[in-house]
Amino acid sequence: MAKQEDVFKKVISHAKEYGFIFPSSEIYDGLSAIYDYGQNGVELKNNIKQYWWKAMVQMNDNIVGIDSAIFMHPTVWKASGHVDAFNDPLIDNKDSKKRFRADVLLEDYCAKLEDKAQKEIDKAEKRFGETFDRVQFEETNSKVIAYREKQKAILSRMAKSLENNDLADVKSLIEELEIADPDTGSKNWTEVRQFNLMFGTKLGAAAENAMDLYLRPETAQGIFINYLNVQKTSRHKLPFGIAQIGKAFRNEIVARQFIFRMREFEQMEMQFFVAPGTELDFYEKWKQTRLKWHLALGLGEENYKFHDHEKLAHYANAAADIEFKFPFGFKELEGIHSRTDFDLSAHEKYSGKKLQYFDPERNESYVPYVVETSVGLDRLFLAIFSNCLKEEVLEDGSQRTVLSLPPALAPVKAAILPLVKKDGLGEYAQDIFNDLKYDFNIIYEDKDSIGRRYRRQDAIGTPFCITIDHDSLQDHMVTLRDRDTMKQERVPTSKLRSIIDEKVNFRTLLSKI
Ligand code: ATP
């Protein structure tokens, strides 16, 4: 089995074993691509939301937040283009009976070509050592150039065929490249078909007059239909943004990658409303701002890259993804899209209501243009969780599993551990708990050996363990153990709050943006 697969399996089993993520409805054998967050998962997820909300809404005086309903008038989805165009091209393998996204098969093929190009570059780097000029090599090496040109040709032909709804050509491309089912090697494919990803439901009790509704496939439309309400009540001038965190639902064709691709998931989206003609500048600015926000988490600069879109969605005039190196390779983490005035103009047309903005500087009214940043909360959770999960070999040769989460995001900030419960140590520890509980999410634990308790806290990413021993009752000092260095030091009980706060507060994280 490939090593990457082992790592990913370990991530999934650790998430379950330590109360982060459970398969939904597990006692009924689960529900495909639906997951529940457990006691530690919900804390981590809430902290990630806070990091985003603080950075986007609270730290920008021209961005406000909303929380719109999941159900919206069905015409919203007609206007947005989702009823007609929110499709994925699907293809089945006739032998394995497995279903795939045709575009993903082609993208994965291109990713393999890129791997080959990278191998050539790495080989040359080894050969030439310090004198190696990477840029020059990439621009002149015939093999690297050929791999990259081939990728470009494939992706632009796919983009064109999908845009023209020429699904037969997408199949031809798959056949010409001799792409096989990755699990079985079979090249026996069906035709490519379009599949709409929206879940339908009904509003109203009586079957004859019930209204067909959709579960929202993105949170963005809730922002567009409230744009004027927010603009008027907040009195913000352009440019300004509206942000929201909420559930989205997509009937994904293929959902085999844990919480990377779910059918019910959460998005954190921000629509930035700007004057026409200025959108591409803001688009560039938001690309950089969002990348910086990710980098502040400290997961490693080499694990991120931009991917500029060849195939633009029906609403966009520029689009890029921030990709992250997941255990299964570089994949989209966040999308940044210049959505033009497509959505607001469409809602004007379908609703018959004016959604214009009077610009006092230009002395004219227009429909604002929109730059959107859209990140999947669950995908971000997976990125952070998988990157931070580490197996370490210690000096004495033993192993430990540690989840080295950014301290502000850790589910539990400190564990209060009396060496034993008797002799008044339990009470002393409880007093510390009662003092710190107003400021931090902490836990008290008095079972098992101290070593085992440390290991359990390492495994859920707790930055500090506080151990109370017999001396503590006399000198009011406790042992503070650091998760990452495993160093232990005696500190006064009265200093605990400020020491913990300095490490775990959001200011420390946010000031890096
Ligand atoms: P993909 O190409 O992976 O299907 P997308 O381009 O359709 O994603 P967007 O519509 O741009 O995704 O959605 C914005 C963000 O929402 C994505 O960057 C991703 O983080 C998240 N997201 C989209 N679909 C899912 C899903 N099925 N499960 C979890 N997160 C998702």
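One is the number of the first residue; the rest follow in order along the sequence. Every number for a ligand or one of its atoms is a count from 1 in the order of the listing. These numbers were taken from a predicted model, which means no experiment stands behind them. Any value given below was found using the heavy atoms of this structure, including those in side chains, with hydrogens, waters and symmetry copies removed.
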Can you list the steps and then say if D92 with K97 is a salt bridge (Lys or Arg N to Asp or Glu O under 4.0 Å)?
CA-CA 6 Å; D92 292 297; K97 308 273 181 269; over 6 Å; no

Enumerate the atoms of ligand 1 whose separation from the nearest heavy atom of [X] is less than 4.0 angstrom.
X	answer
H337	11 (O)
G335	18 (O)
E252	24 (N), 26 (C), 27 (N)
F260	28 (N), 29 (C), 30 (N)
E334	18 (O)

Give the residue, atom name and distance (to 0.1 Å) of the protein heavy atom nearest [atom].
atom	value
atom 4 (O) of ligand 1	R261 NH1, 2.8 Å
atom 6 (O) of ligand 1	E332 OE1, 3.2 Å
atom 22 (N) of ligand 1	F265 CE1, 3.5 Å
atom 19 (C) of ligand 1	R379 NH1, 3.5 Å
atom 14 (C) of ligand 1	S374 OG, 2.9 Å
atom 20 (O) of ligand 1	L333 O, 2.8 Å
atom 7 (O) of ligand 1	R250 NH1, 3.1 Å

Does the side chain of N40 pick up a donor-acceptor pair with the side chain of Y18 at under 3.5 Å?
no

Run the contact test for [X] against ligand 1 with a 4.0 Å cut-off on heavy atoms, strictly below, and give the result.
X	value
Q267	yes
R263	no
R101	yes
D378	no

Does W293 have R290 sitting over its ring (NZ/CZ under 6.0 Å from centre, angle to axis within 45°)?
yes

Does any N or O atom in [X] lie less than 3.5 angstrom from one in ligand 1, N or O only?
X	answer
G376	yes
E269	no
M262	yes

Could you tell me whether [X] and [Y] have their ring centroids closer than 6.0 angstrom?
X	Y	answer
F328	F326	yes
Y227	Y357	no
Y37	F20	no
F71	Y214	no

Whether [Y] and [X] form a salt bridge (side-chain N of Lys/Arg under 4.0 Å from carboxylate O of Asp/Glu) is what I want to check.
X	Y	value
K331	E323	no
K45	E266	yes
D343	R339	yes
E26	K16	yes

Yes or no on side-chain hydrogen bond (donor to acceptor under 3.5 Å, both in side chains) for H82 and Q221, after CA distance, side-chain angles and deciding distance?
CA-CA 10 Å; H82 283 78; Q221 297 304 323; 4.7 Å; no

